[in-house]
Each structure stands twice: as C-alpha cells, then as structure tokens.
Amino acid sequence: MSFLNSVVLLFAAAGAYGTALMFGTIGEILTEKSGNLNLGVEGIMYMGGIFGLIAPNMYEMAVGDSASPFVAIILAILASFAVGAIAGALFSFITVTLRANQNVTGLAMTTFGTGVAKFAGELRRMQVGGYVTLSNKMKFAFDKHFMPDFLKKIPVIGKILFDQSEFFYLAIIAAVLLHLFLTKTKTGLYLRSVGESPVTADAAGINITKYKYLATMIGGGISAIGGMVYTMTTAGCVWIEASLAGTGWLAVALVIFCTWRPINGTWSSVLFGALMIMYLRIIIKGFPIELYKILPYVVTIVVLVITSMKNIKDKQPPASLGLNYFREDR
Amino acid sequence: MQTNCAIELKNIRKTFGSVVANDEINLQINKGEILCLLGENGSGKTTLMNMLSGIYQPDSGEIYKEGSLVSIRSPRDAYALGIGMIHQHYHLVDVFTAAQNIILGMDDQKLDLSAVNDKVKEICDRYGFHVDPKKKVYDMSVSQKQTIEIVKVLYRGAEILILDEPTAVLTPQETDKLFAVLRNMKKDNKAIVLITHKLAEVLAVSDKVAILRKGKYIGIVETKDATAQSLTDMMVGRAVKLNINRPVYDNPHDKLVVNGLTVVDNEGVSRLDNVSFTAKAGEILGVAGIAGSGQRELLESITGLYPIKSGSIKFVNEDGSTNELVGKTPMQIRQAGVGMGFVPEDRLGMGLVGSMGMTSNMMLRSWRNGRSIFFNKKSPEALANKVWKNLEVVTPSTDFPVRRMSGGNIQKVLVGREIASRPPVLLTAYAVRGLDINTSYAIYNLLTDQKMSGSAVMYVGEELDVLLELCDRILVLCGGKVSGIVDARKTTKEEIGLLMTTVGGHEGGEQ
Amino acid sequence: MSEAGKTPLIRLVKRVKGDMISPRKIWAIRIGSILFAFILGMIPILMAGSNPFQSYGIIISGALSKPGYIRQTVKRAVPLLGAALAIAPCFKMRFWNIGAEGQITMGAIFASAIAIWFQDSIPALPLLTLMMLAGIAGGALWAFIPGFFKAKYNTNETLFTLMMNYIAIGIVRWLQGGPWEGRPGTQIIPMFKDNARLPNVFGIYCGWIIVLILVVVVHIYMNFTKHGYEVAVIGDSINTARYAGMNVGWVMMRTMLFSGAICGCVGWMLVSGANGTLNADVAGGVGFTAITVAWLSQLNSFAMIIIAGILAIIGKGSTTLQTKLNVPASVADIVSGILLFCMLGCEFFINYRMVFRGKKEGKV
Amino acid sequence: MKKLTVVLLIALLALSAVFAQGGSETASKSKATKIGFVVINDESDQGYTWNFVNGMEAAVKQLRAEGYSIDLLYKKNTTESAICKDNNIELAEEGCEIIFNNSYGFEPYMLEAAKEYPNTKFVGMTNCGSQVDGNPNTYNAFAAIYEARYVAGIAAGMKLQQEINEGKIKASEAVMGYVGAFSFAEVISGMSGFYLGAKSVCPSVTMKVYFVGTWGDATLEEAAANALIDAGCKLISQHSDTTSPALAAQKAGIFHVGYNTDMTKVAPNASLLSSRIDWTRYFYTFIKNHIDGKENKSDWTGTYAEGDVKVTDLNTAIAAPGTQEAMDKAIKAFHDGTLKVFDLSTFTIEGKKGTNETMYDSFAAVQGNATYDGFFHESELQSAPYFVGKIDGIEWLNAAY
C-alpha cells in the first residue's frame, strides 16, 4: 500500500467519526458566535445520542414492519435536535436571563446531560426488556452510502468525498449554510455582532436576549444531532455511552482549531477524526500509539497560543465569549 | 418656534443607588439647530442623553416627541423615533467592515452590501464625509471610527443626533471637518445635540447652549448672546467664599521636577504633550482642567502606572540628590525610597478593593511589609481604627466591604490611608468628588496638614473655588498640554476657566 | 410603539449599596433553591417508577447509614473537596482554570513514577513524601503552562486548561499500555507495594485528613497570607492591583502553580490512597465537578466541605438506589445537575431586583 | 443562616431515613442468599456484559425453579478503579455471600476488598490471580473460548475456501482480519484458535490483526475493521465488545465472525456466526455448591465438551455448504478429546515448531510446562489463557497493546 493510498483511506474512514464531530462543532460555533460559551456540548451530544435512538425505536415498535426509514431518520433528527435545543434553552435561561457564570453552567450541563442520557438509555432498555436498537432495514437506511459507484471510484477524492453516509453531506450542507448565514445574511451579521460586542449590538437596537437564546438553542440542537449521528452510524444504532465519551469536548476543541469558521469545521472535523484513528493506519516507528490520540488537543493548543501571540484579529474568539451582558452594568 | 420642537424632556429624574444623576431636568431640542449640552464631568449630561438613546430609563419624568408622549425602552425604540446617539466610547464591532457596522440592527432590509455602499456614498456626499465601506474597523483611525458612527446614525434616518464629546479624540483639523459636517446637517433640518465642555467649540458651532451642573438643569442661552465668560460662570457656578484655611509653609523647595513628559494611549492618541512643571514641598499644586485633559495620565505617569513615551520625572531627596522615576514600576519606585501617596480618581476601580473591608484596604499600601508569608494585619487594623475614628468614617465595622459604604466614607478611607505614611509626595485626583461639605472640609484640612508637614501635594480638582482657596499654585491642563501655571492667591476663577477651555492661540508651555 | 408611554413590564435593577437583600433572605433563597432542586429531581425517579421519598431515603441511608457507607462517601468527597480547594484561588482571581482534571492526573503520573521506580528500594515514609512532592510538582507544572501563556499573551485560559486535561489523560493511557504496563496487553499498571500506599485511618485512606488540613491551609492562604491578599485584589480589580504595585502576571502564574500543586497533591492521594495504582480514570471527572463545588461555595473553604459532601452523598447513595430499587445510578448525575442549575440560578434573585411596571421606583 | 441550612439538611435526612426504613424492610423479609454482581458497563453494550448478565439471570432462574431463594444485587457501570473496590465492599456490607466481578481490570480491586471480607466469596471472571494470592475466599473462572473460536474459524475458512473454489478470489487473497482489543494471552490464544480453525479447512488462509487498545469503543473498532478491509481482508473477526466490526464488514460486502453475541441480526449479509461463552452452568454450579455447603474450585475452566463455550446458530443463508458438518465434526472431536487446538503439527512459530518458551506467557500467574504430548495444553495450569505464540500466518499490524 502506498503512503498516499493509506492517507486517502485514512481520511475516507475518518469521515464517519468526523461527521458526528462536524455536527457538534458546527452547533457549538453557532452558539459561540452569540457569545455564549456552552461547555455542555458533551452532555448535549450525549442526550442527542440517546434520544436520536429512542425516537425511531419507539416509532418502529409502534408501527412495526411497515415503518418507513425516511420517517425514522426525520424522527431521529427531530428528536435529537429538540433535546439539544431544550438544553440550549436551559443554558440560555440560566446564563442569559439569570446571568449565572457560563463556564460553571456549561460544566453542570455536561453532568446533567450525560446523566439524562444514561438514565434515558437504561430506562428505555428496561422498558423494551433487552437492548434498544432498530431493525436492520433501518440500520442500513441510517448509514446509507448513497452516492453512485462511479463517483466513489474517482481517484483520491472519490473515496473521501463520495463514500460517506447521508449525514456527512447533511453536515457539510449545514456548515455551508451556517457559513452563508454568518457572512451573507443580515441576521447572521447581527448574531456575530452580539458575540463580538453586545454593547454595540444593543445600542444598534438588536435584541441580544433573543439572538443569544436562538443561537444557543439551534446550536445545541445541531450539536445534539452529532450525538445521534454517532449512535446511529458508527455505533450501529446501539447505545454505547462509553464510546461517545469525549466527543463533545473534542467538538469544543475543534471550534478553536477551526477559528470559529464552519467551513474550516468540516475538514478539520475529518482531520480530527483521522488523528483519532491514525494509529491504525500510519504507524510511525517509536511513536507510542496512545500519543496519537492526544494530537488533536495538542494541535488545538498550538493554534490557540499562536493566534493569541500574534493577536490575529480575524482569528480570535468572539470578543465577548463567555461574558454575560447586562445593559445597565456598563 | 414651538413647531420646530423635536424632543422635549419633562421633569426627568434618574438615580443610581443613592446618587442622583439627573434631578428634574427639563429640556427642549429643536430641529435645524445645534444645541450644546454643557457641563463639567459628572454633571449628568451623558446620563440624560442615554435616556434618550434608550440605554437607561428615567425613574420618573416624561419624554415627548413632537408633542406626543413616548417611551424609549431600548436603542431600537430610539432609532424608531429618529434619535441617534454617537457615544464617547464607540459602539463598533472591531472585526466588521464599515458597511457591516453601519447596517447593524437595521430592520426590513436585505443584506445587500452594494446597495449599502451606494447609500453610504450618498450620505457621505451630502454631508461631506469620506468612508471606505470595506475597511475593517480595527484598521481605522479614531476619527474614521467616529465618522462610521455618525454615518451609522444618519443611515437609519436619524432626525435627532446626539454626539457625546465628539472632539475629545480629534485633531483640530478633524474637529473642523466634523463641525462642517454638523453645519450641513443643521441645514438639512436635523436636530443636533453636542455634549461637550470645550467653550471654544460651543461658541463656534452651536445655536443654543443648555447648561447642567451636578445633575441639575441650570438654564439655556442663545449662543449669540453668550461669551466664554458667561458660560463658564454658569457651568462652574458663581464664586463662593469657602474660607479654607491656607497657611504658608516657610521653606518650600523643589520635590518633583517634571520635564517634557509625553505619553500616548494604546490607541496612539497623545494624552500628555511635553508637560513640564515642578511640585514643591510645602505646597499644594492644584491641577485644573476639563475632565479628560490629561489629569489621570499625569498622575499615573508619576506613580509609574502609565507607560511614558518621553520626558523625565525627578524626585528630589532630602539631601538634594535626585531619583529618576521614568522607567520604574510602582514597586521599584517605592523600593527606591520614594514615598508617594496617590488618591486616584477611580476609588473602587483603582484605589480600593470594593469587596474588602477597611482593614484589608489599609493593607493595600503595607501588604508587602515584613518577611513573613503572612501579612501583618495589626498595623492596618490600627490604622483602620485610627482612620475610622479620626475621619469619622460611617461603617458598621472595619471589615464591612467598602463598596457598600457611601461615597464620602469610601473617600475618607482612601485619603486616610494615603496620608497615613506622611508621604513626601501626595497626589490626589478629585479628592472631594461626590462628598458633602463637611467631609470635603475634613479632606481639605488633611491635605493642608500634609502640606505643612512638608509634603508636595498635587490636587487635581474640578471646583475652581476650591482650587483657588486651597492651593498655592495651579497648573492648568488643556488637551494634554500645560496651558498655564498660575499663583492661586492672585488669579481669578475667570482666568483659570479661560485657560482650561482655550484651544489654539496660546496653548502649551509655561506662561 | 403601540405601548408608547408605558414603561416595560419588568425591568431589572442590579442591587447596589443600600439596596442589599438581608442575609436571612439570601439564605432562604439558597436553601429554597436546594429544596426546589430536590423536588425537580423527583421527576426522573418517578419516571423510573419509584417512590421519590423512599428513593431519597435510600440515597441518604445508602450514603450514611453504615460505617462502610460513610467511608465510601468520604472517599468520594475527598478528591472533590481537594480539587475544589485548588480551584478556589484561581476563581478568586477570575482565572477560569477548568484544568483541575488534568492537573490531578499529572500529579498522579508524577507520584506514580516515584512509586514505580523506587518502591523496591525506599521505605514507606520517605517514599510517600517523595511521591507527594512529585505529585505536587506534576500538578504545578501542568497548571503553570496555561498560566504562563495567559500572563504573557492573554491566551484564553478556559480553553487552554480544558485541552490540557485530555493531554494528561492521554499520557496516562500511554503509560498504562506502554512503559508501566504490568502484564503485557492488560493496560493495567500493577498495584503499588504497601510502602507506596497511604495508610488507613478509621478504615479510609488518610487522604481525608490531608484534605481537611488543606481546607485549613487554603483558608489561611486565601485569607491571611500576602499571596492570598494579592489574589483577592487582582480578582477584584487588576487596576487596583497594579496601583498597589503587584506584578499581576507573576501572581497569575504563581497562583496557578499553587492551584496545580494542590491538584497534584490530590492526584498523589488518589494513586497512593484510593486506587493504589494509576489509571486513566484516576481523576474520574472530579476536576470538573469540583469547579461547581468551588463556585457554589462562593470560594469558602468550609462551605466546600458541605457542598462536596452533598454531591458525594448523592453520588454514593444513588449506587445503592440502583442496587435496591433498580433506579439507574445515573439519576445521581441528573439530581446533581439540577441542584447545580438551581443553585447557580438562585444567585440572580440575590443580586438583582425586579421592578414591575406601575410600581413607583423609590427608595427601598 | 448557615445554621438554618444545617437544620434543614438534618430534617431532610431524618425524613428520608424514615422512608428508607420502609425500603429496607421489604428487602429483608425473606431469608434469601444474596449474590452480588459487579459488572463493567451494562447490558446496553449488547455484547460482553449482556452475555454475562444473560448467563447470570438464566442460572438464577434455574436455581429459583429448584426452590433456592436468591437475591441478586447488581453494581453496573463499574469502572476499573477504586469505585470497583467500593462496589465490592458495599455488596459485602449488604450481606452478599458471593460477589462476582466480570472484568479483568477489576481483579486488583476485588482482591483488596477480599482481604477485608474473608467470609465473602469473591469471583474474578476471566482472571488469573486469585488462585495464587493465598486468599481462600477468592476464585477465578474462565472458559476455553479458543475452542469455540476454532469452530467459528472453520466456518470462516469454509467460506473463504468456497470463494477460492468459485474463483472469486485467488488462494493468496484468502486473508482474514482480526480486531483485537489488547495484545495479551486472552486475545492471542483466541485469535490463534480462530486462525487454526480456518486453516484446517482453508490451507492458504492468512490473517492480519489490529489491536485497538480498548474493549468497547465502537469508533475505534469500526476504524480498525475498516483499516483491515482496506488492507485487503476478505473476512473480519473480532475479540472486542461492540458490533461495529460486523457493520463495517457488512458495509464492505465481506464476511464476519462475531464474539459474545449473535451478530447475524446486526449484519445479516456478513455475519456467519459468533463464538461465545455460556456462563450459565458456572454460575449455577457455583451458587448451588455454595448454598449446599460444598466446596467450589478456586480456578475453573469451562470447555466445549461441557457446553460452556459454544457458537451461535450458523447463518445458513450465507455460509458455505458443508460448514455445519465440518463444525460438527470438530465439536464431536472436542467431546471425544481427540482434537487439540494447539496441535504442534498444525502450526509453526517463525518457521520452527513451537516450544514452551515461545508459547507460554511469561507473565501468567502460574508458570509451568504446557508443551508436551505434541500439543500445547492451554487453560490447564490455570483457567486464564497463557498461549502467546506468534504463529506463522498471522501478521500483527500493530504490535503494541
């Protein structure tokens, strides 16, 4: 196997895990653009992971064999999005309305979210009396690589770009849409202004509270879809909580790594996915394989340090990230 | 003229905690007119205008727009009413372009930046600005940023423009340009409010002047009937005989020699320009000037807190030798044996720790004493008790957070601490701001005691009456330059008032 | 502008001097929020088909009713309390160190290194001392790095410390499967010998004594030392600190060193006491939970004992709940999460006052 | 103020304690034998713990049917840390007479608890240290899963041979991929058994192995399976706990042999069958012996002949014809005792015949000679496997772990 070939195959394989990361990252970018640093992504992705499984599972159990995979996918997306949005609303309520510290609230959200997810998983398992999963028909639908074969066979890019599940493309579409939203629409511009300088946005008559709530809710929803994608594709429609652990934190790291840009978020998610499994593909003699897995975090720190050292204005976190705003406080 | 009224404020009152910022203010703003809102710092000008722009809500009182009662709950409401305010601290998003900033918060419009550019160009042409819509704010100069702010307000069709000290950061040329623009707007029948305290500007550009003093409305005059003198009188109030005891120290000698001091802030704006003077032991050197003329920077430079671009500050020791302070940190200055007390303007943000009690605040000067890793609480405790008793500080205990004390008591704590060590140099900024008469006198006496014990005291003040009666000499700053050093016993309030507000003509240097 | 002339329905005013709520009310609000949290926490218990009162009873009895249970509860509380103590000075300084997890882990690694290299050659007392010092050094080092970059380049410390956690844990994974692995392929570092293990006192490893000492030490450090004073001043206002001649950057780094040192000490106790060996789970999330403990205790060392105690009781008790009523033990996380949310949210009602339309705003 | 908190907390405590009394009453009304079970993860893993819990539930059901009164207490989602010791202690405190632990990493913590509770029996499943630790109250149990893997390997080999015969692949392309958790005896012994089973019916078969360094991480297992598929493997098997390798195989259109649980439902077009340990008999016997006052073996090895290891039903829709017969032949030989997996004549190590030195795990708790009579006697000196020979035909793609 040539080196190039192994790299191509590595990135093609990284697409699967990268998809879950992509949703997590894109959602958190949207949240952070509003100035809310929601460190609860881990908890939110957990909840998305289980509720994205429970919804189609209940649907299938209710309808039986006639259940439509399409409806199941929509239900999974809706359920995970909804639970993420609720978590986002809760986060916003506590930090925006009640003005509690964002870091602490985010961490509490992680505790709470992972708790709810594990709890829901166990409860559902007890209800169905066995493990919670879907029929095979459904499983295939969730992890369908629907691109035609001739595309997959294009050298180098074919396997990376076209041999992926439908959620991969959905995530890329979401990233592009978010990019367009942030750069080309008025609402996106306003949202960024809320995250950069709430004083300015407020003075310009922008409803800070509304923007923060909506961005955090939609962002939470998108992140939660990432959890669902993980459960429904990589884990094969089975709830394996332990394997989801750390994905949300990786998404937080990715947001920094891609300097708050959704388009960068797509390829860097795949890159991070690749770093996580690189030890299986590209073996550097003498380099301990466990250390491969910390590369994403090391790289992230390097990016963080470099951008702060050079003080590159365009690559800084949103200026008010993590700070709460109270109009009369100024 | 009644039909010309754009906005009317009736009985507006606003308090912050126990501080009354605006007390039953009535004001009328007309179309096609430039109204100057004149008053010293802290007179409530900005607070009043912030209620028009929706930042604050009045505690009581009414606002009428063209005769009908309105409520301005947010900046959005203000825009809807055609009110636009250009704040002293710009409300711009650094990472956005000019155009992006301009359209921020606009309703019912697609994000069509080329249309925005066209409209911006049209506005610029009409009033005589120049703006590059694609430039990012972080690449802009201060005056460019201000232009964006003004265009932003015009863009959303403001009929009433409020500018909060717009010239503070501008060069004279830029100021002239701005005034030309304002006159164009006036012709366009817009109502313009200019918050300022620079008399020359007031006289040059305004039609009417409304004067506030200490939160109260003093009156309104037609500019054509006003002179710098009459406005100064209204702004600072008539001379009051205060009867401050002013003994003479028998042996004043040089203590602090400042030469050619120049500092620049982090925006690149010059804050002190070639400032030279000497402070003498046994003398109170008053520093007069409109707020923001460089007082803060001057004191902070001397104490080692502000980065100095050029110049020298020499401390004269008892034996006549000198110590150069430029280039030293506050700690190095102290370690060099230079005793300096400093009562900064921002009491809680700089001089005291709001969340701590008196004792801990006394420690801010002595915390490093001794070799133990523990701080010594005994002497600060004793000092706190002394200050508590001697200065009659009202507080439940010496551990009661100073933030929760009243302003006067906070200041007593601060001054009490700074004079406790009898420093050879004592710097004070607005030492009696917000204090009642009795407390003020107590502070004056303390400063005079310091002087008589041989300290060189610098007193940055805003009330000219006090400066005239308390100080021996008065240094007047104007726009970061020394516009004069006068003998307090011989000068008049009017002379100082003019020096404070003089632009152009005879600025800078010793007189 | 249809409501022209009216003021908004509810308006918020930050409480300032003269307008502070009474201490009695403050505590009523805080306790009320805790009770409210426990009421909300009944929802998942009911969903699991159990009686919430009985469940809470089991949680508490499962945590406290037998000496053995109390020991386990204490064992859970010890690292939580230790880490909260470590975080407190940073938070006091408004330095958002969320890297306790990594600092504990790094301390654990350093302490383990000493144990693994020297347990055959050095007797217990000097060995344990060396391990402690190594642990302290490890934690301090790990905390110093983000502290340095914050002081020097103003690098965002929240994100930096967060990343450092995962790097530390990754290093343990490597050691576990690599240089320090016992039987190849097991990913297990062999249990330390007895001379590298902390002795038990009342059936629990003596970490609880150390952590109680730390409570006092941190309390003294924060309230009676020059360092603590500097930290408090910087947390209140950096300008004031500069005015007083403090070297803000250095104090930041030094405080991180101190914080990391305590975390490292906790890491040492975990490997030498609770676990007896090193594994990637050594911190097990306490670094994160401790942040909420520290924050909710308002950085008061003694209050941390109570908060850490409550969380440990919920955590321990719910494992009993699972065994007895088959309520998933993850209910502990949910109840803890709700509790944290409620306690975080309730501070709002202490710091702000709502002014309703129509009510005349006057002196309160 | 603060006093108020304390008072309230005490009140809450007291109130709860009253309710708690009610709770424990119901638990203590029958004098049942309490059995504790400390497990890693929970049944949701659909594999490892699921298999254990099923075995335990079946055994308890059987015992109850025979009139034994048993209370089964679980400690789920236990981590391999001090929590494990705590959970063991708590179950002991609760009065459990036997406590089972189902993960290898639990053993050191279990042994510590065992010292403190000498009257409680502690069983470390898949472990090896108990029989040599000198504690009379600790036990080990494991099963000769390599025998079941050998049988499963026959199914795999048959399938590959069929593809060779049909001309779909060349003989040299008969490569199997194996996703292993860690590179230690339990995995090495199992995968070697699997390979030898396949080789017995498909002489040209070779195998590539990836060790993922985790027991239950779906992401990494899938990644490893994909890496193997990309490396040209035509069939995937695994010694890890999730079903994601089966899914990967199904996606790639190749075949799969599973572990722990029947994966044909997960991947019907790929999964031929799975090998698994059936713990029912062990749990049943151990508990019954205990209640009846009989001694239990301190080290127990389940075998194919006794039905403790088995393969799940063959997926006949995709299996090669004749597979069942070939497997039955091997199973019968296990029953007869005529078939030995590690028959020295069937494999070489670095081109040479295996010796005790090249095959015996020098880290095993019990050391001794297992190489005589022409074969390697796996699981006889201790229940936990100790075969670590790197036999020819198996390529380790990453050596460490």
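Below, read A as the first sequence line, B as the second, and so on, with proteins coming before strands; counting in each chain starts at 1. Any value given below was found using the heavy atoms of this structure, including those in side chains, with hydrogens, waters and symmetry copies removed.
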Task: Beyond-backbone contact of Lys85(D) with Asn275(C), side-chain heavy atoms, under 4.5 angstrom - done: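 Side-chain contact under 4.5 Å: no.
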TODO: With a 4.5 angstrom heavy-atom cut-off, could you sort out which part of Ile83(D) is near chain C: side chain, backbone, both or neither?
DONE: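 Only the side chain of Ile83(D) comes within 4.5 Å of chain C.
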Open item on the list: With a 6.0 Å cut-off (strictly less than), is the heavy-atom count around NZ of Lys66(C), excluding the residue itself, greater than 12?
Closed with: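 Yes - once you tally the heavy atoms of other residues, nucleotides and ligands closer than 6.0 Å, there are more than 12.
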- [ ] Step through the shown structure and confirm whether more than 12 heavy atoms of other residues, nucleotides or ligands are within 6.0 Å of OH on Tyr117(D).
- [x]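 For Tyr117(D), atom OH is crowded (more than 12 foreign heavy atoms under 6.0 Å).
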For the residue pair [X] and [Y], what are the closest heavy atoms and their distance?
{"X": "Asp86(D)", "Y": "Gln72(C)", "answer": "O-NE2, 3.2 Å"}
{"X": "Ala274(C)", "Y": "Ala82(D)", "answer": "O-CB, 3.4 Å"}
{"X": "Lys75(D)", "Y": "Thr320(C)", "answer": "NZ-N, 3.7 Å"}

Open item on the list: Only pairs of heavy atoms separated by less than 4.5 Å count here; which of Asn326(C), Ile188(C), Thr277(C) has the most with chain D?
Closed with: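 Counting heavy-atom pairs under 4.5 Å, the top option is Ile188(C).
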Open item on the list: I need the residue from Arg76(C), Arg197(C), Arg30(C), Arg71(C) with the largest number of non-hydrogen atom pairs under 4.5 Å to chain D.
Closed with: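 Highest number of pairs under 4.5 Å: Arg197(C).
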Task: Gap separating the NZ atom of Lys34(D) from the OG1 atom of Thr323(C), nearest 0.5 angstrom - done: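 Going from NZ on Lys34(D) over to OG1 on Thr323(C), the span is 10.5 Å.
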Open item on the list: Quick check on Ser65(C) against chain D: is it the side chain, the backbone, both or neither that has a heavy atom closer than 4.5 Å?
Closed with: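 The answer is neither part of Ser65(C).
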TODO: For each of Asn87(D), Val388(D), Leu73(D), tally heavy-atom pairs with chain C at distances under 4.5 Å, and name the one with the top tally.
DONE: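 It is Leu73(D).
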- [ ] Among Glu80(D), Lys76(D), Glu94(D), single out the residue with the greatest number of heavy-atom pairs under 4.5 Å to chain C.
- [x]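 So the answer, after comparing Glu80(D), Lys76(D), Glu94(D), is Glu94(D).
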